[in-house]
Asks: 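First, the structure itself, so that you have it in front of you.
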Amino acid sequence: MSRIDLIKRIVGCLLLVPALTALPVWAGAGGDGACLECHGDSGSVGEMLAIDRGDYAGTPHAEMGCSACHVSVSASHPDDGNIPSKATCEDCHQEVAREYAASSHGGYAACRDCHDPHSVRGVTEVSGYDLNRPCAACHEDQEMNTLHAQWLPQAQLHMGALSCITCHTGSENYVITLYLIHRAPGEVFGDFALAGHEELKDLVAGGDVGNLIDTDGNRFISLEELRVFNGSSRYGSFRLQGMMAPQKVTHSFQILENRWDCSFCHASGPKAMQESFVAFPQNDETYMRVGVEKGAVLDLLNGTPDFYILGATRSETLNIIGLMILAGGLVMPIGHGTLRLLTRRNRDGKEH
């Protein structure tokens with residue numbers, strides 16, 4: 001290598017040093033730490049520009065990094081005085097944007113009115129009860145109860161037990177998601193609170209909270225594992241509470257004809273309610289869903305005794321016992337009547 005070539009290489013390396021030093025500030029997910037040094041502190045940037053580190057870390061956007069949406073942020077930000085560009089939701093979610101724009105909500109609320117990009121999570125990673133929070137920002141509870149009561153029996157009970165998108169959806173089918181709840185000692189019905197990650201972690205001695213029910217850790221819950229959990233006195237007031245949710249989340253917010261029909265839940269249930277999950281809270285405030293053996297919510301003896309839909313949640317064992325009782329009750333009068341009919345001539349002869 002000539003002296004001139006060597007000097008060129010040395011100069012080139014020296015020129016790269018400042019660029020490499022500045023790279024983590026703006027490039028990819030690696031720059032999030034530098035961004036959050038300021039934006040993770042409301043005292044530095046103000047409430048409007050502050051981001052909760054924990055909320056942001058649990059989002060799919062955090063995997064892409066700040067610069068994926070704010071592409072114009074430079075290495076000298078914020079000293080350069082430029083306002084960073086912001087991506088629109090449509091840039092990545094074109095199909096969802098088209099569906100939403102054609103819905104009844106499209107002209108009244110923007111994506112950010114319901115979804116904060118710095119805290120948004122997938123629908124399977126939040127509780128069913130949290131799904132209603134964006135709706136409640138515009139639709140006041142009492143007003144909705146009154147409106148639904150015009151056609152829906154026990155409207156308040158239904159509104160408290162279902163997520164809004166269970167009915168206001170384009171999804172033909174639904175699934176049952178079971179959440180661990182905490183009730184006051186001795187209470188079976190009434191108010192409850194969703195169990196948190198820390199209190200459940202204490203029950204498994206600091207291990208994976210999923211092992212509370214999924215004891216073999218295979219990320220699948222059998223009826224036997226449910227039976228053991230439900231029958232254990234060790235867990236005290238921790239129970240499983242079920243909530244219906246659409247099988248596929250849509251942004252059309254339509255009301256399918258079958259949702260006006262009570263039999264959709266209260267008669268057709270046994271077929272639709274085969275697919276269920278248990279959602280376990282994680283330490284980043286998300287939920288991990290674990291599949292459950294089919295038919296769990298229909299088995300009152302071994303499955304989920306706290307989840308019941310009149311006319312839909314049936315126990316095959318209780319059905320068999322009921323049929324046996326019915327058959328036993330019929331044996332006596334039918335048998336007695338048959339014997340009297342067969343021995344009628346004998347009785348008539350004795351009477352003469």
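These numbers were taken from a predicted model, which means no experiment stands behind them.
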Asks: Would you say that Asp216 contacts Glu225 through its side chain, given a criterion of any heavy-atom pair below 4.5 Å between the two side chains?
Replies: yes
Asks: Can you confirm whether Glu95 is buried at CD, in the sense that more than 12 heavy atoms of other residues, nucleotides or ligands lie under 6.0 Å from that atom?
Replies: no
Asks: Side-chain heavy atoms under 4.5 angstrom apart, residues restricted to Ile, Leu, Val, Met, Phe, Trp, Tyr: same cluster for Val204 and Val278?
Replies: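 Val204 clusters together with Val278.
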Asks: Side chains of Phe264 and Leu256, heavy atoms from C-beta outward: is any pair under 4.5 Å?
Replies: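 Counting from C-beta outward, Phe264 and Leu256 never come under 4.5 Å.
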Asks: What are the two closest heavy atoms between Ala279 and Thr177, and how far apart are they?
Replies: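 Scanning both residues, the minimum pair turns out to be CB-CG2, 3.9 Å.
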Asks: For His148 and Trp151, take the angle between the two ring planes, folded into 0 to 90°, and tell me which bin it lands in: parallel under 30, tilted 30 to 60, perpendicular over 60.
Replies: tilted
Asks: Which atom pair, heavy atoms only, marks the closest approach of Gly170 to Ser252?
Replies: N-OG, 3.6 Å
Asks: Rounded at 0.5 Å granularity, tell me how far SG in Cys138 sits from CE in Met144.
Replies: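 Separation between the atoms: 10.0 Å.
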Asks: Please round to the nearest 0.5 Å and tell me the distance separating atom CG of Asn218 and atom CG of Asn211.
Replies: 10.0 Å
Asks: Can a donor-acceptor pair be found, under 3.5 Å and without considering hydrogens, that links the side chain of Glu125 to the backbone of Thr286?
Replies: no
Asks: Partners of Arg53 by salt bridge (Lys or Arg N to Asp or Glu O under 4.0 Å), sequence neighbours excluded?
Replies: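 Applying salt bridge (Lys or Arg N to Asp or Glu O under 4.0 Å) to Arg53 gives none.
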Asks: Taking the side chain as everything from C-beta on, heavy atoms only, tell me whether Ser163 gets closer than 4.5 Å to Met243.
Replies: yes
Asks: What is the distance from atom CG of Leu180 to atom CG of Leu194, rounded to the nearest 0.5 Å?
Replies: 9.0 Å
Asks: Please round to the nearest 0.5 Å and tell me the distance separating atom CD of Glu47 and atom OG of Ser42.
Replies: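 Reported to 0.5 Å precision, the distance equals 4.5 Å.
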Asks: Please name the pair of heavy atoms, one in Ala155 and one in Asn145, separated by the smallest distance, quoted to 0.1 Å.
Replies: CB-O, 3.8 Å
Asks: Quick one: list whatever passes salt bridge (Lys or Arg N to Asp or Glu O under 4.0 Å) with Asp141, sequence neighbours left out.
Replies: none
Asks: Are the side chain of Asp113 and the backbone N or O of Ala110 linked by a donor-acceptor pair below 3.5 Å?
Replies: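 Yes; judged by distance alone, with no hydrogens or angles, the pair exists.
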Asks: Enter the distance from Leu162:CG to Ile165:CD1 here, rounded to the nearest 0.5 Å.
Replies: 11.0 Å
Asks: Given side chains that start at C-beta, do those of Val228 and Thr215 come closer than 4.5 Å, heavy atoms only?
Replies: no
Asks: Same cluster or not: Ile213 versus Phe220, using hydrophobic residues (I, L, V, M, F, W, Y) connected whenever any side-chain heavy atoms lie under 4.5 Å apart?
Replies: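 No, separate clusters.
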Asks: Applying side-chain contact (heavy atoms from CB on, under 4.5 Å) between Phe253 and each of Cys164, Cys167, Cys135, Ser103, report the one that passes.
Replies: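 It is Ser103, the one option of Cys164, Cys167, Cys135, Ser103 that forms the side-chain contact (heavy atoms from CB on, under 4.5 Å) with Phe253.
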Asks: With side chains defined as the heavy atoms from C-beta onward, is the minimum distance between Asn82 and His77 less than 4.5 Å?
Replies: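 Sidechains of His77 and Asn82: no contact.
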Asks: Report yes if the side chains of Thr169 and Val249 come closer than 4.5 Å at any heavy-atom pair, otherwise no.
Replies: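 No. Closest side-chain heavy atoms not under 4.5 Å.
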Asks: Let me confirm one number: the OH-CG distance from Tyr287 to Asp130, rounded to the nearest 0.5 Å.
Replies: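 Answer for the OH-CG pair, Tyr287 versus Asp130, is 6.0 Å.
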Asks: Kindly give the heavy-atom pair with the smallest separation between Arg259 and Thr166, and that separation in Å.
Replies: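 Heavy atoms only, the tightest pair is NE-O, 3.0 Å.
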Asks: If we ignore hydrogens and angles and just use 3.5 Å, is the side chain of His39 paired with the main-chain N or O of Val45 as donor and acceptor?
Replies: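 Flag not set: sc His39 to bb Val45 has no pair under 3.5 Å.
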Asks: Are more than 12 heavy atoms from other residues, nucleotides or ligands located less than 6.0 Å from atom CD of Gln156?
Replies: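 Not buried by this count: 12 neighbours or fewer within 6.0 Å.
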Asks: Determine whether Leu203 and Met288 fall in the same hydrophobic cluster, where Ile, Leu, Val, Met, Phe, Trp and Tyr are linked whenever their side-chain heavy atoms lie under 4.5 Å apart.
Replies: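 Leu203 clusters together with Met288.
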Asks: May I ask you to test the Glu293-Glu224 pair for a side-chain heavy-atom distance under 4.5 Å?
Replies: no
Asks: Could you walk me through whether Ile176 and Glu275 satisfy the side-chain contact (heavy atoms from CB on, under 4.5 Å) test, starting with their C-alpha distance in whole Å, then the side-chain angles of each, then the deciding distance to 0.1 Å, before giving a yes or no?
Replies: CA-CA 7 Å; Ile176 308 297; Glu275 188 173 5; over 6 Å; no
Asks: Tell me whether Glu285 contacts the main-chain N or O of Gln282 through its side chain, where contact means a donor paired with an acceptor under 3.5 Å.
Replies: no
Asks: Indicate if Ile334 and Leu326 have the same hydrophobic cluster label, given that clusters are the connected sets of ILVMFWY residues with side-chain heavy-atom separations under 4.5 angstrom.
Replies: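 The answer is yes; both residues are in one hydrophobic cluster.
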Asks: Testing the basics here: between Leu240 and Phe229, what is the closest heavy-atom pair and its distance to 0.1 Å?
Replies: CG-CE2, 4.0 Å
Asks: Check whether any side-chain heavy atom of Leu223 sits under 4.5 Å from a side-chain heavy atom of Arg227, and report yes or no.
Replies: no
Asks: Looking at every heavy atom in both Cys38 and Ser44, which two are closest together, and how far apart are they?
Replies: O-CB, 3.7 Å
Asks: Flag yes if Val209 and Tyr235 sit in one hydrophobic cluster, no otherwise; membership is Ile, Leu, Val, Met, Phe, Trp, Tyr, and two members link when side-chain heavy atoms are under 4.5 Å apart.
Replies: yes
Asks: Who pairs with His118 by side chain to side chain contact (heavy atoms under 4.5 Å, CB included), at least two apart in sequence or on another chain?
Replies: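 Per chain and number, His118 pairs via side chain to side chain contact (heavy atoms under 4.5 Å, CB included) with Ile51, Tyr56, His70, Asp116.
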Asks: Donor-acceptor check, side chain of Gln154 to backbone of Leu157, threshold 3.5 angstrom: yes or no?
Replies: no
Asks: Compute whether any side-chain donor of one residue and acceptor of the other, for Ser76 and Asp79, lie under 3.5 angstrom apart.
Replies: no
Asks: Does the plane of the ring in Phe238 sit parallel, tilted or perpendicular to the ring in His182? Use 30° and 60° as the thresholds.
Replies: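 The arrangement is perpendicular - the two ring planes meet at more than 60°.
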